[in-house]
Amino acid sequence: MMNSYRQNKGRNGRVLAATALVLLLFILDVFTGGSIRHKLRGGAVVVSQWSGRALTSIRSSGILSTRASLEAQNRSLAEELAQFEERAGGYEALRAENEQLRALVRLVGVSLLSAQGVTAPVVSSVRTSPYGTFLIGAGAEDGIARGSLVLTGGGFVVGKVTDTGDHTAVVAEIFAPGASIDAVIGSAAISAQGSGGGNARAKVPRALTIHINQPVTAPELGARPIGIVGSIASSSASAFQDVFIMLPVNLHSLTYVYILPISD
Amino acid sequence: MSIFYPSATSIRVILALIGFLGIFFAPWWVPLICIIALSLRYPAWEVPIIGLLMDLLWLPGEGFQIPLFLIGSIALVWVCAPLRSQFLRP
(Lines give C-alpha, C1' and ligand atoms only; values in the text may rest on other atoms or scores of the structure.)
Protein backbone atom coordinates (compact mmCIF):
# COMPACT_ATOMS: atom_id res chain seq x y z
CA MET A 1 0.00 0.00 0.00
CA MET A 2 2.77 2.35 1.08
CA ASN A 3 4.89 1.35 -1.93
CA SER A 4 1.99 2.01 -4.31
CA TYR A 5 1.43 5.40 -2.65
CA ARG A 6 5.11 6.30 -3.02
CA GLN A 7 5.15 5.12 -6.64
CA ASN A 8 2.08 7.21 -7.50
CA LYS A 9 3.53 10.19 -5.67
CA GLY A 10 6.77 9.89 -7.63
CA ARG A 11 4.98 9.57 -10.96
CA ASN A 12 2.64 12.45 -10.25
CA GLY A 13 5.66 14.44 -9.09
CA ARG A 14 7.08 14.22 -12.61
CA VAL A 15 3.76 15.30 -14.09
CA LEU A 16 3.62 18.17 -11.60
CA ALA A 17 7.16 19.23 -12.54
CA ALA A 18 6.32 19.05 -16.27
CA THR A 19 3.13 21.06 -15.69
CA ALA A 20 5.01 23.75 -13.77
CA LEU A 21 7.73 23.83 -16.44
CA VAL A 22 5.35 24.23 -19.38
CA LEU A 23 3.37 26.93 -17.59
CA LEU A 24 6.59 28.76 -16.79
CA LEU A 25 7.78 28.47 -20.40
CA PHE A 26 4.44 29.67 -21.75
CA ILE A 27 4.37 32.70 -19.43
CA LEU A 28 8.02 33.43 -20.24
CA ASP A 29 7.21 33.27 -23.94
CA VAL A 30 4.30 35.70 -23.53
CA PHE A 31 6.39 38.19 -21.53
CA THR A 32 9.38 38.01 -23.87
CA GLY A 33 7.24 38.75 -26.92
CA GLY A 34 7.32 35.22 -28.31
CA SER A 35 11.07 34.55 -28.16
CA ILE A 36 10.57 30.83 -27.46
CA ARG A 37 7.95 30.33 -30.16
CA HIS A 38 10.09 32.11 -32.76
CA LYS A 39 13.04 29.82 -32.02
CA LEU A 40 10.75 26.80 -32.13
CA ARG A 41 9.28 27.86 -35.47
CA GLY A 42 12.77 28.44 -36.85
CA GLY A 43 13.64 24.89 -35.83
CA ALA A 44 10.43 23.59 -37.39
CA VAL A 45 11.32 25.25 -40.69
CA VAL A 46 14.78 23.61 -40.67
CA VAL A 47 13.27 20.20 -39.82
CA SER A 48 10.67 20.66 -42.56
CA GLN A 49 13.33 21.49 -45.14
CA TRP A 50 15.46 18.50 -44.11
CA SER A 51 12.53 16.12 -44.26
CA GLY A 52 11.53 17.55 -47.64
CA ARG A 53 15.04 16.92 -48.99
CA ALA A 54 15.08 13.42 -47.51
CA LEU A 55 11.73 12.61 -49.13
CA THR A 56 12.90 13.97 -52.46
CA SER A 57 16.07 11.86 -52.36
CA ILE A 58 14.08 8.74 -51.41
CA ARG A 59 11.69 9.35 -54.31
CA SER A 60 14.49 10.00 -56.76
CA SER A 61 16.37 6.87 -55.64
CA GLY A 62 13.72 4.70 -57.35
CA ILE A 63 12.30 3.01 -54.25
CA LEU A 64 8.50 2.83 -54.52
CA SER A 65 8.87 4.12 -58.08
CA THR A 66 5.60 2.71 -59.44
CA ARG A 67 3.49 4.06 -56.63
CA ALA A 68 5.49 7.27 -56.44
CA SER A 69 5.19 7.92 -60.17
CA LEU A 70 1.45 7.37 -60.08
CA GLU A 71 1.14 9.61 -57.06
CA ALA A 72 3.29 12.27 -58.69
CA GLN A 73 1.26 12.10 -61.90
CA ASN A 74 -1.98 12.31 -59.94
CA ARG A 75 -0.67 15.23 -57.92
CA SER A 76 0.58 17.13 -60.96
CA LEU A 77 -2.74 16.62 -62.75
CA ALA A 78 -4.66 17.78 -59.69
CA GLU A 79 -2.39 20.81 -59.37
CA GLU A 80 -2.79 21.56 -63.08
CA LEU A 81 -6.55 21.38 -62.72
CA ALA A 82 -6.45 23.62 -59.65
CA GLN A 83 -4.28 26.10 -61.54
CA PHE A 84 -6.77 26.23 -64.40
CA GLU A 85 -9.64 26.67 -61.95
CA GLU A 86 -7.72 29.41 -60.19
CA ARG A 87 -7.01 31.16 -63.49
CA ALA A 88 -10.67 30.92 -64.43
CA GLY A 89 -11.63 32.31 -61.02
CA GLY A 90 -9.04 35.06 -61.33
CA TYR A 91 -10.35 35.92 -64.77
CA GLU A 92 -13.90 36.15 -63.39
CA ALA A 93 -12.68 38.36 -60.54
CA LEU A 94 -10.84 40.66 -62.96
CA ARG A 95 -13.83 40.82 -65.28
CA ALA A 96 -16.15 41.76 -62.40
CA GLU A 97 -13.64 44.37 -61.19
CA ASN A 98 -13.32 45.76 -64.70
CA GLU A 99 -17.08 46.13 -64.97
CA GLN A 100 -17.21 47.94 -61.64
CA LEU A 101 -14.41 50.29 -62.65
CA ARG A 102 -16.06 51.06 -65.96
CA ALA A 103 -19.24 51.96 -64.08
CA LEU A 104 -17.39 54.58 -62.08
CA VAL A 105 -17.26 58.06 -63.49
CA ARG A 106 -14.40 59.29 -61.39
CA LEU A 107 -11.62 56.92 -60.67
CA VAL A 108 -9.26 57.40 -57.78
CA GLY A 109 -5.70 56.58 -58.80
CA VAL A 110 -4.93 53.31 -57.14
CA SER A 111 -1.81 51.33 -57.85
CA LEU A 112 -2.75 47.86 -56.75
CA LEU A 113 -0.48 46.14 -59.18
CA SER A 114 2.52 48.31 -58.45
CA ALA A 115 2.92 46.98 -54.90
CA GLN A 116 6.16 45.09 -54.42
CA GLY A 117 5.73 41.98 -52.34
CA VAL A 118 7.72 38.97 -51.27
CA THR A 119 7.37 35.40 -52.48
CA ALA A 120 7.77 32.91 -49.66
CA PRO A 121 7.67 29.12 -49.42
CA VAL A 122 4.93 27.45 -47.42
CA VAL A 123 6.77 25.24 -44.93
CA SER A 124 3.91 23.52 -43.14
CA SER A 125 0.68 21.85 -44.06
CA VAL A 126 -2.59 23.59 -43.25
CA ARG A 127 -3.82 20.26 -41.87
CA THR A 128 -1.20 20.31 -39.11
CA SER A 129 -2.52 23.34 -37.27
CA PRO A 130 -5.68 23.16 -35.16
CA TYR A 131 -6.04 26.94 -35.35
CA GLY A 132 -6.21 27.39 -39.14
CA THR A 133 -2.65 28.69 -39.41
CA PHE A 134 0.39 27.74 -41.44
CA LEU A 135 4.07 28.66 -41.47
CA ILE A 136 5.93 30.42 -44.25
CA GLY A 137 9.69 30.55 -44.66
CA ALA A 138 10.12 34.32 -44.60
CA GLY A 139 9.92 36.74 -41.71
CA ALA A 140 10.60 40.19 -40.35
CA GLU A 141 14.09 40.31 -41.88
CA ASP A 142 12.55 39.74 -45.30
CA GLY A 143 10.25 42.72 -44.86
CA ILE A 144 7.18 40.87 -43.67
CA ALA A 145 5.10 42.49 -40.95
CA ARG A 146 1.99 41.59 -38.99
CA GLY A 147 -1.14 42.27 -41.00
CA SER A 148 0.48 41.68 -44.41
CA LEU A 149 -1.85 39.98 -46.87
CA VAL A 150 -0.94 36.55 -48.19
CA LEU A 151 -1.96 35.82 -51.79
CA THR A 152 -1.90 32.87 -54.14
CA GLY A 153 -0.25 33.15 -57.53
CA GLY A 154 -3.68 33.93 -59.00
CA GLY A 155 -4.22 36.88 -56.65
CA PHE A 156 -6.64 35.29 -54.19
CA VAL A 157 -6.14 36.28 -50.56
CA VAL A 158 -5.60 33.16 -48.45
CA GLY A 159 -4.65 34.74 -45.16
CA LYS A 160 -3.00 37.40 -43.08
CA VAL A 161 0.36 37.35 -41.34
CA THR A 162 -0.33 37.28 -37.61
CA ASP A 163 3.13 36.74 -36.13
CA THR A 164 6.65 37.14 -37.45
CA GLY A 165 10.00 35.73 -36.45
CA ASP A 166 13.32 36.57 -38.10
CA HIS A 167 12.88 34.14 -40.99
CA THR A 168 9.46 32.62 -40.31
CA ALA A 169 5.93 33.94 -40.09
CA VAL A 170 2.57 32.53 -39.08
CA VAL A 171 -0.30 33.04 -41.48
CA ALA A 172 -3.89 32.80 -40.25
CA GLU A 173 -6.27 31.60 -42.95
CA ILE A 174 -9.03 33.97 -44.00
CA PHE A 175 -11.35 30.96 -43.90
CA ALA A 176 -9.98 29.50 -40.65
CA PRO A 177 -12.49 27.42 -38.68
CA GLY A 178 -14.73 29.78 -36.74
CA ALA A 179 -13.48 32.92 -38.51
CA SER A 180 -15.89 35.25 -40.22
CA ILE A 181 -15.31 37.91 -42.83
CA ASP A 182 -17.54 40.44 -44.56
CA ALA A 183 -17.54 39.78 -48.29
CA VAL A 184 -19.36 40.68 -51.46
CA ILE A 185 -20.80 38.34 -54.10
CA GLY A 186 -21.89 40.33 -57.13
CA SER A 187 -23.74 43.17 -55.43
CA ALA A 188 -24.76 41.25 -52.31
CA ALA A 189 -22.97 41.88 -49.03
CA ILE A 190 -22.57 38.69 -47.04
CA SER A 191 -20.83 37.40 -43.95
CA ALA A 192 -18.76 34.33 -44.80
CA GLN A 193 -18.14 31.82 -42.02
CA GLY A 194 -14.85 29.98 -42.44
CA SER A 195 -14.70 26.23 -42.07
CA GLY A 196 -10.99 25.64 -42.73
CA GLY A 197 -9.05 24.33 -45.72
CA GLY A 198 -9.96 27.34 -47.86
CA ASN A 199 -13.70 26.80 -47.56
CA ALA A 200 -16.47 28.98 -46.16
CA ARG A 201 -20.23 29.22 -46.23
CA ALA A 202 -22.69 32.07 -46.21
CA LYS A 203 -26.42 32.61 -46.10
CA VAL A 204 -27.76 34.75 -48.91
CA PRO A 205 -31.38 35.80 -49.60
CA ARG A 206 -32.92 33.42 -52.11
CA ALA A 207 -34.11 36.28 -54.29
CA LEU A 208 -30.52 37.12 -55.25
CA THR A 209 -29.16 35.44 -58.33
CA ILE A 210 -25.81 33.85 -57.68
CA HIS A 211 -24.02 31.51 -60.02
CA ILE A 212 -21.25 28.96 -59.67
CA ASN A 213 -17.66 30.30 -60.07
CA GLN A 214 -18.81 33.85 -59.28
CA PRO A 215 -15.94 35.65 -57.51
CA VAL A 216 -16.24 36.61 -53.86
CA THR A 217 -14.37 39.74 -52.78
CA ALA A 218 -13.64 41.26 -49.38
CA PRO A 219 -13.94 45.04 -49.09
CA GLU A 220 -11.74 45.09 -45.97
CA LEU A 221 -8.93 43.46 -47.95
CA GLY A 222 -8.91 46.10 -50.67
CA ALA A 223 -11.74 44.42 -52.61
CA ARG A 224 -9.42 41.56 -53.48
CA PRO A 225 -10.92 38.16 -54.33
CA ILE A 226 -10.99 35.66 -51.47
CA GLY A 227 -12.69 32.80 -53.27
CA ILE A 228 -15.30 31.70 -55.75
CA VAL A 229 -18.78 30.26 -55.34
CA GLY A 230 -18.33 26.49 -55.32
CA SER A 231 -21.91 25.38 -54.90
CA ILE A 232 -25.32 26.68 -53.90
CA ALA A 233 -27.95 24.87 -51.85
CA SER A 234 -31.41 26.34 -51.75
CA SER A 235 -34.75 25.08 -50.64
CA SER A 236 -38.17 26.47 -51.49
CA ALA A 237 -39.06 26.26 -47.79
CA SER A 238 -36.32 28.70 -46.82
CA ALA A 239 -35.93 32.41 -47.53
CA PHE A 240 -32.17 31.95 -47.70
CA GLN A 241 -29.83 29.92 -49.82
CA ASP A 242 -26.57 28.42 -48.57
CA VAL A 243 -23.62 29.52 -50.64
CA PHE A 244 -20.45 27.46 -50.33
CA ILE A 245 -17.33 29.47 -51.06
CA MET A 246 -14.00 27.89 -51.88
CA LEU A 247 -10.54 28.86 -52.92
CA PRO A 248 -9.98 27.86 -56.55
CA VAL A 249 -6.55 26.57 -55.58
CA ASN A 250 -6.00 23.60 -53.29
CA LEU A 251 -4.61 25.04 -50.08
CA HIS A 252 -2.85 21.77 -49.24
CA SER A 253 -0.83 21.82 -52.45
CA LEU A 254 0.21 25.45 -52.09
CA THR A 255 4.02 25.59 -52.12
CA TYR A 256 4.62 29.31 -52.55
CA VAL A 257 2.63 32.36 -51.57
CA TYR A 258 2.96 36.03 -52.33
CA ILE A 259 3.01 38.46 -49.40
CA LEU A 260 1.93 42.03 -49.95
CA PRO A 261 3.56 44.73 -47.85
CA ILE A 262 1.38 46.16 -45.10
CA SER A 263 1.34 49.66 -46.60
CA ASP A 264 -0.78 48.27 -49.39
CA MET B 1 8.43 -8.88 -24.93
CA SER B 2 8.13 -9.26 -28.70
CA ILE B 3 7.20 -6.97 -31.53
CA PHE B 4 3.66 -8.39 -31.29
CA TYR B 5 3.39 -7.82 -27.54
CA PRO B 6 5.32 -4.65 -26.77
CA SER B 7 5.84 -3.63 -23.17
CA ALA B 8 3.93 -0.74 -21.59
CA THR B 9 7.07 1.39 -21.70
CA SER B 10 7.56 0.73 -25.43
CA ILE B 11 3.96 1.71 -26.15
CA ARG B 12 4.40 4.87 -24.11
CA VAL B 13 7.61 5.78 -25.96
CA ILE B 14 6.00 5.07 -29.35
CA LEU B 15 2.90 7.14 -28.50
CA ALA B 16 5.05 10.01 -27.23
CA LEU B 17 7.23 9.88 -30.38
CA ILE B 18 4.17 9.89 -32.65
CA GLY B 19 2.80 12.79 -30.62
CA PHE B 20 6.01 14.83 -30.86
CA LEU B 21 6.50 14.15 -34.58
CA GLY B 22 2.80 14.72 -35.23
CA ILE B 23 3.12 18.29 -33.95
CA PHE B 24 5.21 19.12 -37.03
CA PHE B 25 4.14 16.66 -39.69
CA ALA B 26 0.72 15.12 -39.01
CA PRO B 27 -2.82 16.47 -38.88
CA TRP B 28 -3.59 18.10 -35.53
CA TRP B 29 -5.79 15.25 -34.39
CA VAL B 30 -2.82 12.83 -34.32
CA PRO B 31 -1.10 14.59 -31.36
CA LEU B 32 -4.56 14.96 -29.79
CA ILE B 33 -5.14 11.20 -29.91
CA CYS B 34 -1.65 10.62 -28.46
CA ILE B 35 -2.37 13.09 -25.65
CA ILE B 36 -5.64 11.34 -24.79
CA ALA B 37 -4.13 7.85 -24.99
CA LEU B 38 -1.09 8.79 -22.90
CA SER B 39 -3.20 10.58 -20.29
CA LEU B 40 -5.59 7.67 -19.93
CA ARG B 41 -2.92 5.01 -19.54
CA TYR B 42 0.20 6.62 -18.04
CA PRO B 43 1.16 9.41 -15.65
CA ALA B 44 2.75 10.98 -18.71
CA TRP B 45 4.85 14.08 -18.19
CA GLU B 46 5.16 14.22 -22.00
CA VAL B 47 1.53 15.27 -22.37
CA PRO B 48 1.83 18.91 -21.16
CA ILE B 49 4.99 19.30 -23.27
CA ILE B 50 3.17 18.13 -26.42
CA GLY B 51 0.37 20.58 -25.59
CA LEU B 52 2.84 23.43 -25.08
CA LEU B 53 4.68 22.72 -28.36
CA MET B 54 1.40 22.58 -30.30
CA ASP B 55 0.33 25.96 -28.99
CA LEU B 56 3.72 27.65 -29.32
CA LEU B 57 4.00 26.48 -32.90
CA TRP B 58 0.50 27.01 -34.21
CA LEU B 59 -1.23 29.74 -32.19
CA PRO B 60 -1.79 32.73 -34.49
CA GLY B 61 -0.08 35.08 -32.01
CA GLU B 62 -2.32 38.05 -32.78
CA GLY B 63 -4.41 39.30 -29.86
CA PHE B 64 -5.39 36.96 -27.07
CA GLN B 65 -5.80 33.36 -28.13
CA ILE B 66 -6.72 30.63 -25.69
CA PRO B 67 -3.97 27.95 -25.72
CA LEU B 68 -6.45 25.11 -26.06
CA PHE B 69 -3.91 22.30 -26.37
CA LEU B 70 -1.86 23.44 -23.36
CA ILE B 71 -4.89 23.88 -21.10
CA GLY B 72 -6.54 20.72 -22.43
CA SER B 73 -3.45 18.56 -21.99
CA ILE B 74 -2.80 19.77 -18.43
CA ALA B 75 -6.45 19.29 -17.51
CA LEU B 76 -6.57 15.84 -19.08
CA VAL B 77 -3.40 14.51 -17.48
CA TRP B 78 -4.57 15.63 -14.02
CA VAL B 79 -8.22 14.65 -14.43
CA CYS B 80 -7.13 11.16 -15.44
CA ALA B 81 -4.75 10.79 -12.46
CA PRO B 82 -7.36 9.45 -9.98
CA LEU B 83 -8.74 7.13 -12.67
CA ARG B 84 -5.31 5.73 -13.39
CA SER B 85 -4.48 5.18 -9.73
CA GLN B 86 -7.87 3.49 -9.19
CA PHE B 87 -8.02 1.20 -12.20
CA LEU B 88 -4.45 0.78 -13.43
CA ARG B 89 -2.65 -0.07 -10.20
CA PRO B 90 0.59 -1.92 -10.85
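First the proteins, then the strands, lettered A, B, ... as listed; each starts at 1. Source: prediction; values computed, not measured.
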Can you tell which part of [X] gets under 4.5 Å to a heavy atom of chain A, answering side chain, backbone, both or neither?
X	answer
B/Ile66	backbone
B/Ile49	both
B/Leu57	both
B/Leu52	side chain

Pairwise side-chain contact, A/Leu151 with A/Val257, heavy-atom cut-off 4.5 Å (strictly under):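 Side-chain contact under 4.5 Å: no.
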
[options]: which one forms the most heavy-atom pairs within less than 4.5 Å of chain A?
options	value
B/Ala81, B/Pro67, B/Gly51, B/Ser73	B/Pro67
B/Pro27, B/Gly22, B/Pro60, B/Ala26	B/Pro60
B/Val30, B/Val77, B/Leu68	B/Leu68

[X] side, atom [atom1]; [Y] side, atom [atom2] - distance, nearest 0.5 Å:
X	Y	atom1	atom2	result
A/Met246	A/Phe156	CE	CZ	9.5 Å
B/Phe69	B/Ile23	CZ	CD1	9.0 Å
A/Ser195	A/Phe244	OG	CZ	8.5 Å

Please classify the contact between [X] and chain B as side chain, backbone, both or neither, with a heavy-atom cut-off of under 4.5 Å.
X	result
A/Arg146	side chain
A/Leu135	both
A/Thr164	neither

Distance-only donor-acceptor check, side chains B/Trp78 and A/Thr19, under 3.5 Å: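 There is such a pair between these side chains.
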
No-hydrogen, no-angle side-chain donor-acceptor test under 3.5 Å, A/Thr128 and A/Ser124: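 The criterion, which ignores hydrogens and geometry beyond distance, is not satisfied for A/Ser124 and A/Thr128.
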
Atom CZ of A/Arg201 with >12 non-hydrogen neighbours under 6.0 angstrom: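 Check fails, neighbour count at 12 or below.
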
Residue selection (most heavy-atom pairs with chain B, distance under 4.5 Å) from A/Val170, A/Ile36, A/Val171, A/Val22: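 Option with the greatest count: A/Val22.
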
Check: A/Asp182 side chain, A/Ser191 main-chain N or O, donor-acceptor pair, under 3.5 Å: no

